[in-house]
Number of protein chains: 2
Amino acid sequence: MPTIYDIAREAGVSITTVSNILNNKGRFKPETVARVLEAVERLKYRPNFAAKSLAARRTNTVTLSALLTPESFDPLNLQYFGAIAQAVSRSGFNFLLHISHDLESFERFASTGICDGWLLMMIRRQDERIALLKELGVPFVSIGRPDEMEGVDIVDTDFEQTARLALEHLLALGHRRIAYLAEPLEFGYSAIRLRAYLACLKEYGLEGNADLVAETDGTEAGTVRALEALWSRDRSITAIITHDIPALTVLRTLREWGLEIPRDVSVIGCSDSPLAALADPPLTTINLYVERIAEAAAEALARRLQEPEAPPAHILIPARLVVRESTGPAPR
Amino acid sequence: MPTIYDIAREAGVSITTVSNILNNKGRFKPETVARVLEAVERLKYRPNFAAKSLAARRTNTVTLSALLTPESFDPLNLQYFGAIAQAVSRSGFNFLLHISHDLESFERFASTGICDGWLLMMIRRQDERIALLKELGVPFVSIGRPDEMEGVDIVDTDFEQTARLALEHLLALGHRRIAYLAEPLEFGYSAIRLRAYLACLKEYGLEGNADLVAETDGTEAGTVRALEALWSRDRSITAIITHDIPALTVLRTLREWGLEIPRDVSVIGCSDSPLAALADPPLTTINLYVERIAEAAAEALARRLQEPEAPPAHILIPARLVVRESTGPAPR
DNA sequence: GCGCTTTTGTAAAGCGCTTTCATTTTATCG
DNA sequence: CGATAAAATGAAAGCGCTTTACAAAAGCGC
């Protein structure tokens with residue numbers, strides 16, 4: 001691999017000049033610039049990442065941290081990855097994705113200074129990554145809300161609005177007995193969503209009733225159990241709000257029980273996972289505008305990197321309802 | 001952030017000693033080792049990635065390259081990510097995931113020397129990443145087979161065997177008119193799978209008939225069109241071999257046509273995507289042993305990094321049939 | 001042509017490590 | 001006990017860049 005010295009020699013200038021030209025610093029004769037660029041092109045020169053990072057004391061790289069647990073196989077995550085990759089590239093940074101199974105591997109990575117800042121996904125209520133990064137003084141943006149939001153930049157879906165979207169859609173269709181089947185409440189978003197749903201119910205004069213709420217452990221069996229619990233407590237349920245992945249199981253289980261969707265029961269998802277459109281029947285759900293979230297997160301981090309002392313931002317992105325075929329008028 | 005100098009000062013030794021102890025080089029008095037380790041612990045010292053990479057002329061990092069196209073949202077990819085992350089960590093390397101939308105972003109990255117070697121996923125028939133890496137002289141392992149396999153380390157599923165698995169299962173159930181609905185043939189695996197299926201059919205004296213093969217463009221509409229083409233050409237089809245994602249659409253479309261699965265038609269998938277178990281009915285498919293593939297790929301790359309001149313390895317991993325509820329005896 | 005500014009360029013230091021090679025200390029042996 | 005080998009440690013060079021501080025060349029008004 002050629003080094004900056006090779007380019008300097010070929011172009012007949014000093015390495016300082018090569019460096020400055022490549023980084024758009026200072027002014028140079030067009031002719032000099034052309035000679036340098038030609039040499040770069042000809043030798044296919046790329047500045048060495050390690051050397052550049054070391055000298056500049058910045059890596060110009062942003063890393064997205066994803067937790068990969070056996071359960072988190074929602075293809076929505078792939079959409080996030082792609083959208084964030086693009087948004088970060090657009091904001092002029094290199095993009096890296098780090099997948100950790102445990103905090104230790106995250107820590108080993110985060111403390112080597114391989115990147116200037118982090119984007120955190122799959123936020124837990126007490127997310128240890130946040131504590132760690134704060135302690136290390138490494139800039140980051142949290143995509144999702146931990147319990148303790150003090151002093152952290154946050155980009156998230158506006159769950160108060162998504163709850164309203166789902167609920168108003170069902171109310172307009174005449175539903176009154178609306179159940180909520182939550183994903184594990186240890187996931188921050190799940191707890192926040194439930195809270196928002198309850199608040200919204202109340203607002204419409206429909207008391208949130210504990211009978212109408214169940215929690216799955218994330219597994220298929222758990223979802224079936226939660227559904228059974230809901231059903232055994234209240235046969236008059238005509239609609240279920242849940243998340244996209246459990247929705248698949250809900251759809252299948254209800255059909256097994258001889259119920260037709262949406263004739264007998266309406267089901268609505270929460271995040272327009274790519275799966276939702278493939279469900280049978282295609283799932284009515286809430287589209288999160290993943291690209292906007294990605295864009296906002298990349299921007300927030302770029303700002304934080306530039307102005308370390310700026311006050312933390314909490315950005316909520318609105319969503320939109322996607323009506324497909326799993327919701328319909330409430331049965332009499 | 002503390003540097004190696006801080007540790008050396010605290011422990012009362014030279015930086016050489018700190019470096020050697022941290023990298024298990026040379027022999028040291030247990031007492032010296034203890035003093036150094038204590039200082040490392042106390043100051044929470046981590047060697048700087050850039051400095052270390054620059055000095056050692058290696059980064060001890062392996063990157064997985066994934067192409068993210070709008071279509072590639074199979075959650076199976078998430079399983080691959082997780083399994084490969086673990087396998088690479090186990091083999092002692094840092095793991096990074098790079099997601100590119102275009103070759104340019106891959107090239108920009110690959111040529112900065114941020115990692116010692118690459119793992120390539122989602123291989124295309126003429127994969128430009130392979131050409132590029134070869135030209136740069138950067139070690140890599142291809143997970144999947146490109147058209148030109150000369151001189152490249154390859155780890156892949158044994159598609160000849162998976163074709164046999166699927167076919168023998170269907171034959172044993174009495175099926176004779178077996179269709180194949182392929183994903184876009186530009187994806188290497190799709191073409192290879194089709195070829196293997198055709199070869200296997202022939203072996204069993206069932207001539208591969210062009211009427212029994214259709215190709216989807218990867219979209220839902222495309223899958224429906226392919227299915228319609230198949231049906232319009234031959235009403236006597238009793239089983240369909242396809243990939244997991246299109247299988248979801250196949251299942252739903254057949255049901256819409258008033259067919260019951262598996263009573264009227266059996267459907268079998270190809271890769272035991274996490275979706276397969278959630279399908280309705282749960283999909284009979286082929287489990288690829290993702291962990292073994294990941295393990296083999298990580299190992300192959302580690303070997304290549306150690307012995308640059310070793311002859312290229314082509315490793316095929318066998319798969320296993322997972323019988324669920326989408327396949328059954330052929331109708332009379 | 002003289003002093004001035006502006007433009008264009010360079011030399012050298014240093015980022016935080018690893019590595020080579022030399023040096024000091026300690027153990028071993030006749 | 002001195003010579004020798006082995007064990008333990010350190011000094012210094014250098015990885016490939018950026019950056020600072022400074023110098024040479026060119027342009028300009030008079």
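Every chain is numbered from 1 and lettered A, B, ... according to where its sequence line falls, protein lines coming before strand lines.
Between A:T32 and the phosphate of C:dG9, there is a side-chain N or O to OP1/OP2 separation shorter than 4.0 Å. Contact between the side-chain N/O atoms of A:T17 and the OP1/OP2 oxygens of C:dT10 is found at a separation under 4.0 Å.
The shortest distance between side-chain heavy atoms of B:I130 and B:L120 falls below 4.5 Å. Considering only heavy atoms from C-beta on, A:F81 comes within 4.5 Å of B:L78 through its side chain.
Spacing between atom NZ of B:K29 and atom C1' of D:dG10 amounts to 14 Å, rounded to whole angstrom units. When rounded to the nearest whole Å, the span between CZ of B:F28 and P of D:dA6 equals 18 Å. Counting to the nearest Å, the P atom of C:dT8 and the CZ atom of A:R35 are 13 Å from each other. Between A:I21 atom CD1 and C:dG9 atom P there is a gap of 7 Å when expressed in whole angstrom units.
As the counterpart of D:dC30, C:dG1 is assigned, both hydrogen-bonding distances of the Watson-Crick or G-U wobble pattern falling under 3.5 Å.
Partner of A:F49 under the side chain to side chain contact (heavy atoms under 4.5 Å, CB included) criterion, chosen from A:L54, A:T61, A:N60: A:T61.
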With sugar-phosphate taken as primed atoms, P, OP1 and OP2 and all else as base, the protein-contact string of nucleotides 12-18 of chain C at under 4.0 Å (heavy atoms; B, S, -) is B-BBBBB

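In this structure, A:K44 places its NZ atom where only 12 or fewer heavy-atom neighbours from other residues, nucleotides or ligands lie under 6.0 Å away. Residue-environment remark: CD (A:E38) exceeds the threshold of 12 foreign heavy atoms within 6.0 Å.
When the side chain to side chain contact (heavy atoms under 4.5 Å, CB included) test is applied to B:E104, the partners found at least two apart in sequence or on another chain are B:D102, B:R108.
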